[in-house]
Amino acid sequence: MGKIELTQVSKSFDDTEVIPPLDLKIEDGEFVVFVGPSGCGKSTLLRLIAGLEDVTTGQVLIDGQDATDIPPAKRGLAMVFQSYALYPHMSVRKNIAFPLRMARLDKSEQDRRVSEAAKVLNLTDYLDRRPGQLSGGQRQRVAIGRAIVREPAAFLFDEPLSNLDAALRVGMRLEISELHKRLATTMIYVTHDQVEAMTMADKIVVLQAGVIEQVGSPMELYRTPRNTFVAGFIGSPRMNLLNGPNATKHDAHTIGIRPEHIAISTRAGDWPGVVGVSEHLGSDTFFHVKCDDFPEPLTVRADGDLDLRYGAKVFLTPDTAHLHRFDQKGLRLK
Amino acid sequence: MARAVTPRRKMINTTLAWSVGLLIFFPILWIIVLSFKTEGDAIKTPIEVLTSVWTFESYLVVQDRSDYFKHFSNSVIIAMGSTLLGILIAVPAAWSMAFVPSKRTRGILMWMLSTKMLPAVGVLYPIYIGFIKLGLLDTRLGLIIVLMLINLPIIVWMLYTYFREIPGEILEAARMDGATLREEVLYVLTPMAIPGIASTILLNVILAWNEAFWTLNLTAAKAAPLTAFIASYSSPEGLFYAKLSAASVMAIAPILILGWFSQKQLVRGLTFGAVK
Amino acid sequence: MATQHSRSAARLMMTPAVILLLGWMLVPLTMTLYFSFKKYLPLRGGDLGWVGFDNYIRFVSSSSFWPAVASTLIIVGGVLIITVILGTLLALLLDQPMWGQGIVRILVIAPFFVMPTVSGLVWKNMFMDPNNGFLAHLFNAFGAEPIQWLSQASMPSLIMIVSWQWLPFATLILLTAIQSLDSEQIEASEMDGAGWFNRFRFITLPHLARAITVVILIQTIFLLSIFAEIFVTTAGAFGTKTLTYLIFQRVLESQNVGLGSAGGVYAIILANIVAIFLMRIVGKNLDA
C-alpha cells in the first residue's frame, strides 16, 4: 500500500531535458525526502509521481501497477502544496471534505472523517472559517487535513514549510514526523532545506540538475558522502572542502573536513591562521579562520565557552579519522 | 504612505481636487439641471435657469414623442446580448490560454488584440454590404454579432488576466483530490472566477452601450439604440434643450452608475493588463 | 504545467474564438482590398472593372486628402497633449490625502461613460451654441463677444470636447500607476535628500513612463477612428474632416466604394503602425 517505483523516468520541456532517465524505489511506509538546490528538478520529480506532469520516457509504478498513463485524480495519492492551494471560497470543513465529496462518499462518512482529521490537527474550532481567516500554520494543517482524509497510498509534500516563519517551521516539522509515525503511510517530501531533510527523513534523495547524486539514510549521507556536492550540501555549517598541497598529502584532489572535526588551539597545530568572524550559538561557537595554506576561510566548531577575538592567532588540527577524500572528479575515495 | 499630513495641506488638496472634479463633472451636472426645466427656461442665462421652476415635463415629452423606451430596450438587448455571447465564447478560450499555455498562446493573444486595432471605417463597406445581403442591416441580432466581435478580444484578455491570477496549484490540488475536468471547472475554477467574470461583463456592457460607429452606420429605425436616438437630435427644430437634456440623462444614467462600480476593472480591461 | 490530455482539450476550447475572429478579420479585409482595386459605384453603374492602383493614387491626390491628414494629426496630437499633461497633474492631485477622495474620483471619471453622441451634442448645443449656450452666457456676463465655437474655432472646440471625454481615461490609468509605486522607494529617495520636484522627476515620472506610453498608444488608436463626435457636431465641415470621416463620406455619402476602400486600406496601415508599438509593450507584460 504505497510502494512507488520509477524506472528510467525522464522529463523534457520542449528540447530541454530537466531530468535525465533515472531509477528510484520507494518502499511502503518510508519517509523519503528529495533535497537539492532550487532548480534541481526535485519538484518536477514529485509532480511526475503525482501525475501533474507527463513523463517523457519511462514508467511510474504504484504498488507494482503501471500508473504512467493514469490521471492524477485516479492515482490514489494526496499532495500538500507549497502555497497550500486551499479553495478560498470554501470553509475549512468543505476544503477537507472536498476529496471525499469527489469520491462520492456518503455524507455521514464524510462528516465522520472530517471531524476525526480536525481533531488530530487541532482544527475543530476553525471548521466553519474560510482559509483567508486562518494563520499560516492553520492553513498548513488544513492542507494536511485535506490530504489525510482520503487515506491515500502515499502523501506528497512540495516544500510545505517554506512559507512559514522559522519558529512555526520547527513545530510543523515535528507534527509531520509525528503524523508519519502514526499513519505509517509512505511520504515523499520535497525541500531545499537540508535541515528538514536530515531531521525528518528515513531516506534522503539528493538531486542536482535532475540527477540523483546519492540515496541513503541521513547518517549515511553525513558520514559517507559519495561526492563533493553531497558533502557540501548535507551538514550545517558546511563541510570545509580543501584543495592544494594539503590534499595531495592525503593522496586526494580534494579533502573534506567537517567543522566539528577540527581542533582549535592558541598554542600549536597543523595549520596556523587568524580568527575572522565568530558566530556564537550559546552551546557552540563557530569560528571562521583564515589559514595561510588555503584561499578560503575554514569553519571550525568549538565549545561555547571558548572566547577568541577577531584577529587572534590560532592553530587548527584536523581529526584525520574523519577526513573525507575526493578525487579529481569529486568522487569519494575509499 | 501612512504619514501624518497637516490639516492645512489636506484642506488645500481637498479644495483643489473638488474644484477640478466639479469643473470636469459640470457639463453632466448642467444637463441634469436643464432636463428639469421648460424649453423656454432652458435657453436663458445660467442664473435665470437656476431660479426658474423645476419640472418633469421634458422626460414625459421625450418618451411620448420619440419612443425612448424602444431605443432603451434596443440598447439593453444589444449591450447585454453581445456581452453574454462574447463571454460564452471567451471563457473556454481564456481558460485554456491561462491554464494550459503553449508556445503559441502569446502569439494568439497578441493577434486577437491586433484585430481590435483594425479601424472600423476600413471595413465599413464590406460589412455594410454583407449585412444587406444577410438581412442583418437594422436588426438587433446584426449589432449583437458585430459588437460581440469587436469586443471579443477585450473579453478574452480580461478573463485571461483574471484567470491567470488564480494559482494553478489550486486547480492541481483539485485534480489530486480526485476531481474530473468538469468538476474542477464547476466546483473550483468557476466560483473563484466569478468576480473576474462579473467585472468583465460590466465593462463590456459599458463599451457596447457607448459604441457609436457601427450602431450609427448599421441601424435605421428598427434596431437603433440610444446612441442613434441621441444623434437624431443633431438637426433639431425649435426649442429642444430641455428635451435633449432629458434624453441624454436617460441615455447615460444607467451606464454612469455601472461605470462607477467598475472603475478598477476599467483600467485593467482598457490597457489589456499593461497597467494594474 | 500540463499533461497531454488537458492540452488537447485546451486547443478545442480555443477554437470558436479563434475562428470567429479570424473570419471577422479576414473576410472584410479581403473585400476591402478587392474593392480598392475596382471602380465601384453602387448607385452609378456598380462594378466598372479593375483599375489597378488608381483609387490609391486618386485618394491621395484628392484636394481633401492632405487637409484630412492634417486635421487628423491635429486632433490626435492636441488631445494627447492635453490629456497626458492634465491627466498626470490630476492623477498626482488625486493621489494626495484629502476628504472625499472617492467622490472626487467618481466626478472625474464620469465623462468617460458618456456616450460619444451625447457628449458631442451636449457640448455643441448647451455649451458652445453662440446664442443660448452656457459659454455664450458666460462671455456675455463679462461683456465679451461670444465665440462661434464650432465654426470659427472648430478645431480647438473639437479637441476640447474629445479631451473632456478622454481625460478621465488618462487620469484613471495614471492614478492606478502612481498608486502602484512602492512607497518605500519614495521614502528611500527622501532619505537620500530628494526634494518634492526631484522625487517627481527621478522616481515618479520614470515609474509613470510605461503607463503614459500605454495611454498614448491606446488613445491614438481610438482617436484615429474618432467618428461620432464629428458626425453630430460639424459633420466634417469647417476643416474638421478627418481621415476616418473622409472615408466614411466617400463610401456612404458619395457611394464611391472603390475610392473609400483604398482610403480604408490607408487607415488600416496607419493604425497598424501604432498598434505594433502598443503590442510590444503589452507583450512584454505577458512574460512577467
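Hydrogens, waters and symmetry mates play no part in the numbers below; they use all other heavy atoms, side chains included. In the text below, chain A, chain B and the rest are named by the order of the sequence lines, each starting its count at 1.
- Considering only heavy atoms from C-beta on, C:M128 comes within 4.5 Å of C:I161 through its side chain.
- Contacts of C:V108 with chain B are made by both backbone and side-chain atoms, with heavy-atom separations under 4.5 Å.
- Partner B:I127 forms a side-chain contact (heavy atoms from CB on, under 4.5 Å) with one of B:L149, B:N217, B:L218 and no other, that one being B:L218.
- Between B:F163 and B:Y160, the ring centre distance reaches or exceeds 6.0 Å.
- In summary, the aromatic rings of C:F169 and C:F222 are positioned with their centroids too far apart to meet the 6.0 Å limit.
- Looking at B:I145, there are no atoms closer than 4.5 Å to chain C (heavy atoms on both sides), in backbone or side chain.
- Using a 4.5 Å cut-off between heavy atoms, B:I155 makes no contact with chain C at all.
- Using a 4.5 Å cut-off between heavy atoms, C:W99 contacts chain B through both its backbone and its side chain.
- The ring-ring contact (aromatic ring centres under 6.0 Å, His included) search around C:Y34 returns C:W50, not counting sequence neighbours.
- Contact annotation for B:L256: both backbone and side-chain heavy atoms come within less than 4.5 Å of a heavy atom of chain C.
- Of the two parts of B:M11, the backbone and the side chain both hold a non-hydrogen atom closer than 4.5 Å to a non-hydrogen atom of chain C.
- With a 4.5 angstrom heavy-atom cutoff, B:S245 touches chain C via backbone and side-chain atoms both.
- With a 4.5 angstrom heavy-atom cutoff, B:W209 touches chain C via backbone and side-chain atoms both.
- If you measure heavy-atom distances from B:I108 to chain C, the contacts under 4.5 Å come from the side chain alone.
- Interface residue B:I206: only side-chain heavy atoms are found under 4.5 Å from chain C.
- There is no contact between B:A90 and chain C, counting heavy-atom distances below 4.5 Å.
- Residue B:Y128 touches chain C through its side chain alone, counting heavy-atom pairs closer than 4.5 Å.
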